[in-house]
Amino acid sequence: MSEQRELAESRPGSGVAALRSDCGNCFGLCCVALAFSASADFAIDKDAGQPCPNLDTDFRCGIHERLRPQGFQGCTVYDCFGAGQKISQVTFAGQDWRQAPQSAQQMFALLPVVRQLHELLWYLTEALTLQPAREIHADLRVALDTIERLSQGSPDALLELDVAAHRQDVNVLLLRTSELVRAGVRHQKGRKGTKKKDRRGADLIGADLRGADLHGANLRGAYLIGADLRGADLRVADLIGADLRDADLGGADLTGSFFLTQSQVNAAKGDARTRLSPSLTRPSHW
């Protein structure tokens with residue numbers, strides 16, 4: 001697996017480093033482009049295109065270290081997958097929206113587009129590190145190259161993209177990747193119990209899943225908001241798109257789980273006993 005990971009990360013423009021948020025090279029796009037609604041996640045209402053009052057003149061957050069106590073929990077779980085710095089430094093060649101206000105609206109409109117493309121790149125890059133899916137690695141590389149090329153397009157070309165169609169094409173490969181990776185777990189445990197582990201899109205809001213055996217489970221798009229997953233076995237589980245807001249992962253084992261993003265982890269609750277894959281960072285608020 002390490003060899004495939006090195007290969008994936010060495011590909012120009014598609015390594016995980018380019019897909020991690022680098023706020024120091026972004027013009028605070030998420031702090032301006034996105035709308036806020038006063039709620040448990042945001043202390044204020046803010047319209048799309050309006051700079052957050054906490055955004056400093058150097059495009060840094062003035063309360064970055066105090067976001068949660070100040071009522072901006074939503075900011076701590078947002079991840080642009082590196083789209084912010086891509087738009088700022090590549091698409092607009094380092095010219096910010098304050099210097100060139102005529103480009104501001106177009107720059108803000110690009111954030112959700114490029115973010116979606118970078119999210120696809122993140123999943124494709126991870127898929128290339130998964131040895132059980134090696135039979136489709138060639139197809140995954142083609143898809144990765146295609147999405148990366150699209151993400152390098154001009155502002156006009158990017159805004160004209162049918163991102164949903166590209167997402168659908170990539171999803172076919174990600175579904176196959178999931179089947180291949182989880183097949184090993186099913187083989188080890190036999191066919192018995194496989195059906196109960198197919199929780200794709202399941203409504204598990206607030207569910208009591210303490211100590212649940214979800215090893216190799218399909219939890220794609222599952223609603224796990226506020227679920228009690230303390231001590232659950234989530235090894236080799238497919239967690240793409242799973243909503244983990246306020247889910248309790250205390251003592252849960254997520255090693256080997258895949259298509260799990262840092263923003264999903266940040267939205268959940270955990271503790272010192274929660275086991276994560278090396279690519280993920282334990283949130284400071286756990």
Side-chain angles (χ1 to χ4, degrees), residues 1 3-5 7-9 11-16 18-19 79-83 86 112-153 157-187 191 194-204 214-224 234-244 254 256-264 277 279:
M1 181 179 294
E3 180 180 351
Q4 287 296 334
R5 187 180 299 278
L7 182 150
E9 293 189 7
R11 299 172 65 81
S14 60
V16 293
L19 302 174
D79 188 353
C80 74
F81 294 98
K86 176 71 137 307
V113 175
V114 180
R115 183 191 181 278
Q116 290 183 75
L117 295 176
H118 272 222
E119 184 179 15
L120 294 178
L121 289 174
W122 179 275
Y123 294 135
L124 289 167
T125 299
E126 181 177 356
L128 282 167
T129 71
L130 302 174
Q131 280 290 343
R134 57 187 175 275
E135 70 180 57
I136 62 168
H137 277 185
D139 293 332
L140 289 166
R141 292 189 191 99
V142 170
L144 188 149
D145 288 340
T146 298
I147 300 300
E148 174 58 30
R149 177 174 47 80
L150 291 173
S151 75
Q152 299 274 1
L158 284 163
L159 290 173
E160 291 175 0
L161 281 179
D162 185 349
V163 179
H166 291 292
R167 181 179 288 276
Q168 185 173 358
D169 291 341
V170 170
N171 193 48
V172 172
L173 291 173
L174 298 181
L175 280 167
R176 182 56 181 155
T177 297
S178 178
E179 292 169 356
L180 291 168
V181 173
R182 293 181 298 105
V185 176
R186 293 198 296 271
H187 177 71
R191 300 299 297 180
T194 298
K195 185 176 181 180
K196 73 174 184 177
K197 290 191 179 183
D198 186 359
R199 305 291 186 90
R200 183 179 181 183
D203 182 352
L204 298 169
L214 295 168
H215 187 193
N218 181 359
L219 289 164
R220 297 171 63 89
Y223 296 95
L224 290 158
L234 289 157
R235 291 173 297 155
V236 201
D238 181 349
L239 289 162
I240 193 168
D243 194 335
L244 293 169
L254 291 95
S257 61
F258 56 101
F259 299 149
L260 175 65
T261 67
Q262 188 65 50
S263 59
Q264 287 171 288
S277 296
S279 60

Can a donor-acceptor pair be found between the side chains of S263 and T261 at a distance below 3.5 Å?
yes

If we count only N and O atoms by modelled type, under 3.5 Å, do the side chains of D238 and S178 hold a donor and an acceptor together?
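Yes.
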
Let me confirm one number: the [atom1]-[atom2] distance from [X] to [Y], rounded to the nearest 0.5 Å.
X: Q152; Y: I147; atom1: CD; atom2: CD1; result: 12.5 Å
X: L128; Y: R134; atom1: CG; atom2: CZ; result: 13.5 Å
X: L174; Y: I240; atom1: CG; atom2: CD1; result: 5.0 Å
X: D139; Y: L144; atom1: CG; atom2: CG; result: 12.5 Å
X: L234; Y: L254; atom1: CG; atom2: CG; result: 4.5 Å
X: D79; Y: R115; atom1: CG; atom2: CZ; result: 6.5 Å

For [X] and [Y], work out which heavy atoms get closest and say how close.
X: L175; Y: R220; value: CD2-NE, 3.3 Å
X: F259; Y: E126; value: N-OE2, 3.0 Å
X: S257; Y: L239; value: CB-CD1, 3.9 Å
X: L214; Y: A237; value: O-CB, 3.9 Å
X: N171; Y: R200; value: ND2-NH2, 4.4 Å
X: H215; Y: R235; value: CD2-O, 3.0 Å

4.5 Å side-chain heavy-atom contact, [X] and [Y]:
X: E135; Y: R176; result: yes
X: V170; Y: Y123; result: no
X: K197; Y: N218; result: no
X: D169; Y: T146; result: no

Residue that, paired with F81, satisfies side-chain contact (heavy atoms from CB on, under 4.5 Å) out of Q262, K86, H118
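That would be H118; it is the only one of Q262, K86, H118 passing the side-chain contact (heavy atoms from CB on, under 4.5 Å) with F81.
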
Passing candidate, side-chain contact (heavy atoms from CB on, under 4.5 Å) with L158, options L150, L117, V163
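Of the listed residues L150, L117, V163, the side-chain contact (heavy atoms from CB on, under 4.5 Å) partner of L158 is L117.
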
Is there a donor-acceptor pair closer than 3.5 Å between any side-chain N or O of H137 and the backbone N or O of T129?
no

